[in-house]
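Have a look at the structure below, then the notes.
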Amino acid sequence: MTSTPTPARPLGGVATGLALVLVAVLVGVAAQRMTAGPSATGAATAVTPTGHTTTVEVVAEGMRFHPARIEVPPGDRLVVEFRNRDHRRHDLVLENGARTALLGQGGSARLDAGIIGGPTEGWCSLPGHRQAGMTLRIVPTGAAAPQAPSGSVAPQPSLDVLADPGPAFTARDAVAPPTPPGRLHRRELHVREVVREVAPGVRQRLWTFDGTVPGPVLRGRVGDTFEITLVNDGTLDHGIDFHAGAVAPDEVMRPIDPGQRLTYRFTATRAGIWMYHCSTMPMLHHIGNGMYGTVIIDPPDLPRVDREYVLVQSELYLGPDGQPGDLAKMQAERPDAVVFNGYAAQYDHRPLTARPGERVRVWLLDAGPNRDTSFHVVGAQFDTVYREGHWENRATEPGGAQVLQLGPAAGGFVELTFPAAGHYPFVNHAMVDAERGARGVFDVR
């Protein structure tokens with residue numbers, strides 16, 4: 001069938017994008033290209049080509065496609081003029097195989113979606129973006145909006161927090177680093193994507209700072225300046241947000257593409273244990289997949305203790321073995337495990353140590369991204385509690401505490417002495433989370 005195409009008929013307007021929390025100034029312009037589309041999209045065999053072309057502009061902004069629903073007369077060929085106005089890289093992939101290249105901010109591409117004969121799904125292919133809402137639907141004019149596909153369930157690894165990780169297992173060193181000398185602290189933090197064991201026999205592809213989960217513990221004093229250079233050695237865009245510094249987020253928290261560097265400078269003006277984490281949307285996915293750490297800013301005249309540990313509570317939302325965490329589980333708040341320092345129940349198998357009568361300080365950060373903590377040591381009491389920059393109990397006072405309660409991103413420390421030799425379990429006293437792996441043991445001898 002041969003006919004003379006009519007002029008393109010633009011459909012739809014560009015919806016106002018959702019404002020991002022973070023503002024970036026990355027500008028990348030991709031050369032326009034036409035992606036070859038199939039002869040028909042959807043139920044192709046039931047539609048007669050009209051010879052017409054419908055052209056629609058689709059804009060990526062605010063982690064959404066605008067418009068997110070495109071109606072096309074049945075039998076028309078659809079051409080999508082795709083533009084990325086977001087501060088992130090994005091592409092557009094259709095279920096029929098047509099796709100654009102990854103585009104940076106300001107980039108554009110022309111995608112031939114083929115002849116429209118039935119409903120067709122589209123999405124951004126970067127990890128987590130589809131689950132975070134970067135989807136669109138193409139439907140023939142007059143068709144009912146299709147229901148979101150339920151999707152297949154990928155095989156999930158089996159997690160047993162009681163399993164022994166084996167004699168070769170090395171737990172993360174929980175000993176707090178000493179406060180460094182000097183008032184200026186310079187450091188590079190490298191984004192690394194690594195496949196690591198997170199429970200006995202369970203591996204996940206983690207997005208990390210310097211290859212560890214949590215990232216390195218940084219430490220200083222009130223008035224110290226930190227100059228941190230983030231180097232993106234990964235395959236996705238990432239950023240960083242230091243709660244220990246009060247700075248405008250526009251520049252220093254912007255996401256950077258693979259191979260780029262960014263220097264983040266802040267002065268610590270207040271004491272406490274502060275979270276840092278990836279600042280790239282969807283933050284739920286980036287934090288939930290390992291991109292968090294802590295900065296300790298000592299309160300003035302912090303007393304010396306005999307032992308000092310750092311525990312960071314977080315959650316595991318398992319994807320398939322060796323793959324990133326499952327964003328859908330994070331959104332539904334269905335953790336597979338709750339852990340201290342990145343591994344389920346690791347201090348059950350490799351206990352922290354102390355001696356009777358020693359003063360022990362435990363710094364605690366709840367990195368979340370979703371669950372609270374209620375930190376408790378079985379058989380012991382806290383004579384000192386410091387939470388979110390405030391002394392709640394002191395050893396010189398008669399009062400005590402049995403738990404340190406924290407919400408996501410909150411932190412503090414407790415101090416205690418063990419009255420006698422023995423094994424003292426420590427847990428998140430939200431018992432469902434203790435049984436999910438948020439527990440360990442102090443071996444006092």
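From a predicted model like this one, the values you see are computed outputs, not experimental measurements.
- By the ring-ring contact (aromatic ring centres under 6.0 Å, His included) test, His286 is found to be paired with Trp207, His238, residues two or more places apart in sequence or in another chain being considered.
- Atom CG of residue Leu111 and atom CZ of residue Phe82 lie 9.0 Å apart, to the nearest 0.5 angstrom.
- Between the Gln313 side chain and the Val339 main chain, no donor and acceptor come within less than 3.5 Å of each other.
- When side chains are defined from C-beta on, Arg89 counts as touching Leu126, because their heavy atoms get closer than 4.5 Å.
- Counting all heavy atoms, side chain and backbone alike, Leu327 lies closest to Pro282 at CD2-CG, 4.2 Å.
- Each of Arg361, Arg359, Glu392, Glu397 was checked for a side chain to side chain contact (heavy atoms under 4.5 Å, CB included) with Thr384, and the lone residue meeting it is Arg359.
- Checking side-chain atoms of Asp298 against main-chain N and O of Ala271 turns up no donor-acceptor pair under 3.5 Å.
- The line from CG of Leu404 to CZ of Phe382 is 7.0 Å long, rounded to the nearest 0.5 Å.
- Classification of Asp336 and Arg436 as a salt-bridged pair fails, no side-chain N sitting under 4.0 Å from a carboxylate O.
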Task: Test salt bridge (charged side-chain N to carboxylate O under 4.0 Å, His left out) applied to Glu188 and Arg261, step by step - done: CA-CA 10 Å; Glu188 283 192 355; Arg261 303 165 66 92; 2.6 Å; yes

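- Closest non-hydrogen pair, Val432 versus Arg371, comes out as CG1-NH2, 3.7 Å.
- At distances below 3.5 Å, at least one donor-acceptor pair connects side-chain atoms of Arg172 with backbone N or O atoms of Pro214.
- Taking the six-membered ring for Trp and the full ring otherwise, the centers of Phe226 and Phe242 sit at least 6.0 Å from each other.
- Note: Phe413 and Trp391 have perpendicular aromatic rings, judged against thresholds of 30 and 60 degrees for the angle between ring planes.
- Side chain of Asp326 to backbone of Ala328: a donor-acceptor contact under 3.5 angstrom is found.
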TODO: Determine, step by step, whether Asn370 and Tyr317 satisfy the side chain to side chain donor-acceptor pair (under 3.5 Å) criterion, reporting the C-alpha distance in whole Å, the side-chain angles of both residues, the deciding distance to 0.1 Å, and the verdict.
DONE: CA-CA 11 Å; Asn370 297 322; Tyr317 300 86; 3.0 Å; yes

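- Between His285 and His129, the gap from one ring centroid to the other reaches at least 6.0 Å.
- In this structure, the side chain of Gln204 engages the main chain of Gly319 through a donor-acceptor pair within 3.5 Å.
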Task: Trace of the salt bridge (charged side-chain N to carboxylate O under 4.0 Å, His left out) decision for Glu227 with Arg265 - done: CA-CA 4 Å; Glu227 189 174 285; Arg265 185 182 176 96; 2.5 Å; yes

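- Phe426 and Phe442 have tilted rings, their planes meeting at an angle from 30° to 60° on a 0 to 90° scale.
- Rounding to the nearest 0.5 angstrom, the gap separating the CG atom in Asn428 from the CZ atom in Phe375 is 9.5 Å.
- Although no hydrogens or angles enter the test, the distance criterion places a donor-acceptor pair under 3.5 Å between the side chain of Glu193 and the main chain of Thr235.
- For the pair Glu358 (side chain) and Arg355 (backbone), a donor-acceptor distance under 3.5 Å is present.
- Checked by atom type and distance alone, the side chain of Asp91 pairs as donor or acceptor with a backbone atom of Ser125 at under 3.5 Å.
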Open item on the list: Using salt bridge (charged side-chain N to carboxylate O under 4.0 Å, His left out), reason through Glu61 and Arg64 one step at a time and then give a plain yes or no.
Closed with: CA-CA 6 Å; Glu61 188 170 22; Arg64 292 292 185 273; over 6 Å; no

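- Checking side-chain atoms of Asp443 against main-chain N and O of Pro351 turns up no donor-acceptor pair under 3.5 Å.
- Distance NE2/His243 to CG/Asp241: 4.5 Å, rounded to 0.5 Å.
- Looking at Glu415 and Arg394, no side-chain N of the basic residue comes within less than 4.0 Å of a carboxylate O on the acidic one, giving no salt bridge.
- Note that CZ of Arg187 and CG of Leu218 are 6.0 Å apart. Values are rounded to the nearest 0.5 Å.
- No donor-acceptor pair under 3.5 Å is formed between the side chain of Asp233 and the backbone N or O of His190.
- With no hydrogens or angles considered, a side-chain donor-acceptor pair links Tyr292 and Ser314 at under 3.5 Å.
- Gln260 places none of its side-chain heavy atoms less than 4.5 Å from the side chain of Asp237.
- Leu365 pairs in a side chain to side chain contact (heavy atoms under 4.5 Å, CB included) with only one of the listed residues (Leu311, Val312, Ile296, Val217), which is Val312.
- Between Tyr347 and Phe340, the distance separating the two ring centers is not shorter than 6.0 angstrom.
- If you take CG on Leu316 and CE on Met330, they are separated by 9.0 Å, rounding to the nearest 0.5 Å.
- Scored by the salt bridge (charged side-chain N to carboxylate O under 4.0 Å, His left out) test, Arg350 finds no partners at all (sequence neighbours excluded).
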